[in-house]
Amino acid sequence: MPAKSEKQRRLMGAALSYKRGENSHASSKIKEVANGMTEKQLEDYAKKPKGSKKTK
């Protein structure tokens, strides 16, 4: 399930980075999100949703 907004996607991306050990200076909110979700869940939320292509 992708994030519903760009802000939510960025939060999940930051939490994923923290969980993988790439970001050691994370805020308490990011740590809380990272500890409450699995890496797979964070990946699903952080990925950009595929848009539908418009055809002529």
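If you're wondering where the values come from, they're calculated on a predicted model, not measured in any experiment. These values consider heavy atoms only, across backbone and side chains, with no hydrogens, waters or symmetry-generated copies.
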Counterpart residues, side chain to side chain donor-acceptor pair (under 3.5 Å), relative to Lys7 (two or more places apart): none
Hey, could you give me the NZ/CG distance between Lys40 and Leu16, rounded to the nearest 0.5 Å? 11.0 Å
Is there any side-chain hydrogen bond (donor to acceptor under 3.5 Å, both in side chains) pair reaching into residues 23-36, and which pairs are they, with sequence neighbours excluded? none
Rounded to the nearest 0.5 Å, how far apart are CD of Gln41 and CE of Met12? 9.5 Å
Roughly how far, to the nearest 0.5 Å, is OG1 of Thr38 from CG of Asp44? 8.0 Å
Determine the minimum heavy-atom distance between Tyr45 and Arg9, stating which atoms define it. O-CG, 3.9 Å
According to the salt bridge (Lys or Arg N to Asp or Glu O under 4.0 Å) rule, which pairs have a member within residues 13-24, sequence neighbours left out? Arg20-Glu39, Arg20-Glu43
Closest non-hydrogen atom pair, Ala34 against Ala15: CB-O, 3.6 Å
